[in-house]
K.L.:
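Got a structure here, written out as structure tokens. Questions coming.
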Amino acid sequence: MPKPFSIPGPDAAAFENLALRADRIGIVTHTRPDGDAIGSCLALKRYLEARLGASGKCRILLDTDAPDAVRFLFSPADCRETLVFERDAAAVREWTAGCGLFVFLDLNNLSRTGGMEDLFRASGAPRILVDHHLHPERSEFGLAFSETEVSSTCELLYHILRTFPSCAGKDLPEGCPEPLLTGITTDTNNFANSVFEGTLETVAALLQAGADRDRILEHIYNEYPERRIRLMGHLLDRELTISDKGVACMILDGETARAYGIREGETEGFVNIPLSIDRVRLSLFLKQSGDEYRVSIRSKRGWSARNLAARYFSGGGHEQASGGRIPLGGDLQTKDDVAAFVARCTDEFLKDEA
Ligand SMILES: [Mn+2]
């Protein structure tokens, strides 16, 4: 069976040329980065350094810090060459001002870069996009690699790197397979969703190239802080509601998150759990963040998490995995108000979809 996509050689060559010409390269991903975001940034940085002589010329630019679970991927040099806007905006500003190329990974829209967005808009440097989300804003980027029939940005990046003229006849550089496999693992929820035939071929190649899957799994899934598991127990026992239409909803307010000492990223994956219940068709996880609730949605096949997010929660994403937000204010003040609002929205949505 042919691959659902292939990377045009001239595009890969153009990417490589832009990277070769730039004295400073900014490697950028979305705010609140996940394993795919961080994995793709690190793999690209290491490739550019190893094969295109870009040592010292690359910085990974993050709006907010990488989650603890993927810290094992960073070498001391990667740490020094990663600038975090929320911690040191001046350093990010300084780097972007003199930057000759930006590569955006795992986002479909510049607004996903959070507080850094204006810096990229103000710069005249070329922008390259590498992403697997629906509806990329192609006009924002000089060169766009966008595929949706792929597990992750890491999987797509693997094919781009392999198509670079500098990779012809060679294996990937040593430091690339591990972050790439990490991103594929986290974005597929450890191979539970969005796995295509080509994904498994890519994974086979990454294992052959030396990626240590056991090490990755240990770090990602067996090093959680205890508070995460205790909060999970609390939410499943006390906060999970399931409507008779099969809509599961769990809401974490700021007070409870503080009581458990929960940090950013530590509720990752909670939304998936109720989906394993037989009568659940849609699962929503809401987490308070200042004066809004962030909404994560997962759906079983036949129900569109993406449409639900777009219609009611100013969001979007993939067909079975999406996200959005609910601003507090007006009629929506308390957690109960938000729960009632979600119940009304999902009821209406299921009626219209039926
Ligand atoms: Mn991704």
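All heavy atoms count here, side chains included; hydrogens, waters and symmetry mates do not. One-based numbering, in listed order, for ligands and for the atoms of each. In this text, all values refer to a predicted model and were calculated from it rather than measured experimentally.
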K.L.:
Answer yes if the side chains of Y312 and E348 hold a donor-acceptor pair under 3.5 Å, and no otherwise.
P.N.:
yes
K.L.:
Assess the side chains of R51 and S166: does a donor N or O sit below 3.5 Å from an acceptor N or O?
P.N.:
no
K.L.:
With a 3.5 Å cut-off and no angle check, do the side chains of E49 and S55 form a donor-acceptor pair?
P.N.:
no
K.L.:
Taking the N/O/S atoms of D187 one by one, which is nearest to the Mn ion (ligand 1)?
P.N.:
OD2
K.L.:
How about D131: does one of its N, O or S atoms come closer than 2.8 Å to the Mn ion (ligand 1)?
P.N.:
no
K.L.:
So, is D36 placed with an N/O/S atom under 2.8 Å from the Mn ion (ligand 1), counting both backbone and side chain?
P.N.:
yes
K.L.:
Looking at T199, V203, L200, which hits side-chain contact (heavy atoms from CB on, under 4.5 Å) with S151?
P.N.:
T199
K.L.:
S111 and N109: side-chain hydrogen bond (donor to acceptor under 3.5 Å, both in side chains), yes or no, with the steps?
P.N.:
CA-CA 5 Å; S111 68; N109 191 306; 3.0 Å; yes
K.L.:
Just to the nearest 10 degrees, tell me the angle at the Mn ion (ligand 1) spanned by H132 NE2 and D106 OD1.
P.N.:
90°
K.L.:
Flag C154 as yes if one of its N/O/S atoms falls below 2.8 Å of the Mn ion (ligand 1), otherwise no.
P.N.:
no
